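Since the structure comes first, as structure tokens, the remarks are kept for the end.
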There are 2 protein chains.
Amino acid sequence: MSGRGEVLQLEVLDILRQRNKPVSAYDVLGELRKTKVKMAPQTVYRVLAALTECGKIHRLESLKAYVNCQHGSHQHASILSICDDCGRVEESVAPDLLAKLSKVTGKTGFAAQRHVIEVHGLCASCGTGPAPA
Amino acid sequence: MSGRGEVLQLEVLDILRQRNKPVSAYDVLGELRKTKVKMAPQTVYRVLAALTECGKIHRLESLKAYVNCQHGSHQHASILSICDDCGRVEESVAPDLLAKLSKVTGKTGFAAQRHVIEVHGLCASCGTGPAPA
DNA sequence: TTGCGATATGTTATATTGTAACATAATACT
DNA sequence: AGTATTATGTTACAATATAACATATCGCAA
């Protein structure tokens, strides 16, 4: 393993941390291009894949976007709550729920390998006092 | 509500039923274009959105594709098991699990509205005897 | 029944997201 | 050093999705 790409990984991680919201691959690309004009999509996707793989970021399938992992990194699947109003994402961990899920899907002999759990709704701030017009 | 678009809905539903596997919007488009040369993406997406809305089909976010609902139609969120080998999708229903999920994500005051649950893995046929080389 | 507002559908164009394929460079091993 | 292997850079393009506006249909009131 080289150490070249790792600098870029940190840079991308920083971008996600600063935004603290879901960011699309092309947004990341745009950010990177501010300093690296020749940056290509492929490169960004590779970095995002690497970061996702090692659990430092999460991909939000239903938003086609990425967020920084709030726990720094972890292996077990996350439950991601997406506020459809403010866009912020909360991360929950519930191993027992994952186990139950595997059990449910396993009834037919299905062997679960990767869980994608995304919950859309409204976060506490946006749900309670939604500031009427 | 008109009855014009409903014919198209049935046609799309038929395509998904016949394939019995996840189908991309553009695959559906291609199929439709066999008889309707001028069919446009927008139209297909609108039909798919309508069918999804009323629960007759499900969108697989992690595959960017759609499947026919195995139960004909329903309102509660489905748990979709996707076999990464043969591509087939199984559908589970587990209201208690959804309730638990809402409870977990609700700890912070988050109000869940829509659950996206997709499980990748291997189905019974593909997992047990994967036909060695 | 006709006129009009609201809604659905058709059409064109374009935006966004994602990868294939190959060139080049770094690494690791003999 | 020489060479196989893996990572990275680069170009081009494929696949997915939506904006914006035109046209048609419907529901309803005057």
Side-chain angles (χ1 to χ4, degrees), chain A residues 1-13 15-16 19 21-54 56-67 82 84 87 89 114 116 118 120, chain B residues 1-13 15-16 19 21-54 56-67 82 84 87 89 114 116 118 120:
Chain A
M1 322 252 145
S2 86
R4 269 183 304 162
E6 291 171 14
V7 178
L8 198 49
Q9 286 192 21
L10 290 178
E11 210 170 332
V12 169
L13 206 46
I15 291 169
L16 294 191
R19 299 266 195 121
K21 277 198 185 185
V23 184
S24 79
Y26 274 76
D27 271 1
V28 172
L29 176 59
E31 201 63 41
L32 290 172
R33 275 183 171 156
K34 287 182 183 170
T35 58
K36 298 158 174 43
V37 184
K38 307 208 69 181
M39 183 62 51
Q42 188 65 259
T43 309
V44 174
Y45 277 102
R46 289 205 269 237
V47 171
L48 290 170
L51 289 170
T52 303
E53 178 107 16
C54 69
K56 296 213 191 75
I57 67 175
H58 302 295
R59 173 175 164 86
L60 296 158
E61 298 288 350
S62 60
L63 293 184
K64 304 185 224 332
Y66 302 80
V67 279
I82 302 157
D84 290 330
V89 173
R114 174 185 158 228
V116 174
E118 298 175 12
H120 286 257
Chain B
M1 316 243 147
S2 87
R4 268 182 304 161
E6 292 172 15
V7 178
L8 199 48
Q9 286 192 21
L10 291 178
E11 211 170 330
V12 169
L13 207 47
I15 291 169
L16 294 191
R19 299 265 196 122
K21 276 197 186 186
V23 185
S24 79
Y26 274 76
D27 271 3
V28 172
L29 177 60
E31 202 63 40
L32 290 172
R33 275 184 172 157
K34 287 182 183 170
T35 58
K36 300 158 171 46
V37 184
K38 306 208 67 182
M39 184 63 51
Q42 187 64 259
T43 309
V44 175
Y45 278 102
R46 288 204 268 237
V47 172
L48 290 171
L51 289 170
T52 303
E53 177 106 16
C54 69
K56 296 211 190 75
I57 68 175
H58 303 294
R59 173 175 164 86
L60 295 157
E61 297 288 350
S62 59
L63 293 185
K64 303 183 221 343
Y66 301 80
V67 280
I82 303 157
D84 290 329
V89 173
R114 173 186 159 228
V116 175
E118 299 175 13
H120 286 258

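First the proteins, then the strands, lettered A, B, ... as listed; each starts at 1. Note that the structure is a prediction, hence the values are computed from the model and not measured.
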### Query
Below 4.5 Å, heavy atoms only, C-beta onward: do B:Val44 and B:Pro41 meet side chain to side chain?
no

### Message
If I take atom CD in residue B:Glu6 and atom P in nucleotide C:dA8, what distance separates them, rounded to the nearest angstrom?
### Response
11 Å

### Message
Could you tell me how far apart B:Leu29 (CG) and D:dT18 (P) are, to the nearest whole angstrom?
### Response
15 Å

### Query
Taking atom P of C:dT11 as reference, at what distance in whole Å does atom CG of B:Leu8 sit?
12 Å

### Query
Taking CD from A:Gln9 and C1' from D:dA7, how many angstroms apart are they, rounded to a whole number?
12 Å

### Message
Using OP1 and OP2 only, check whether a side-chain N or O of A:Lys64 sits under 4.0 Å from D:dA17.
### Response
yes

### Task
Step by step, work out the side chain to side chain donor-acceptor pair (under 3.5 Å) result for B:His120 and B:Ser62.
CA-CA 9 Å; B:His120 286 258; B:Ser62 59; 2.8 Å; yes

### Message
Measure CG/B:Asp27 against C1'/D:dA15 and give the value in whole Å, please.
### Response
10 Å

### Query
What integer distance in Å separates A:Glu53:CD from D:dA7:C1'?
15 Å

### Task
Using a cut-off of strictly less than 4.0 Å, decide whether A:Ser24 has a side-chain nitrogen or oxygen near OP1 or OP2 of C:dT16.
no

### Electrostatic pair A:Glu11-A:Lys36, nearest N-O below 4.0 angstrom
yes

### Query
Is there a side-chain polar atom (N or O) of B:Tyr26 under 4.0 Å from OP1 or OP2 of D:dA15?
no

### Message
Between the base of D:dA19 and the side chain of B:Gln42, is one N or O donor paired with an acceptor at under 3.5 angstrom?
### Response
yes

### Message
Check this for me: does the side-chain of A:Arg46 come within 3.5 Å of the base of D:dG9 through a donor and an acceptor?
### Response
yes

### Summary
Separation of D:dT8 atom P from A:Tyr45 atom OH, nearest Å, is 18 Å

### Task
Could you tell me whether B:Lys64 and A:Glu61 have a side-chain N and a carboxylate O separated by less than 4.0 Å?
no

### Task
Figure out the NZ/P separation between A:Lys38 and C:dT24, and round it to whole Å.
13 Å

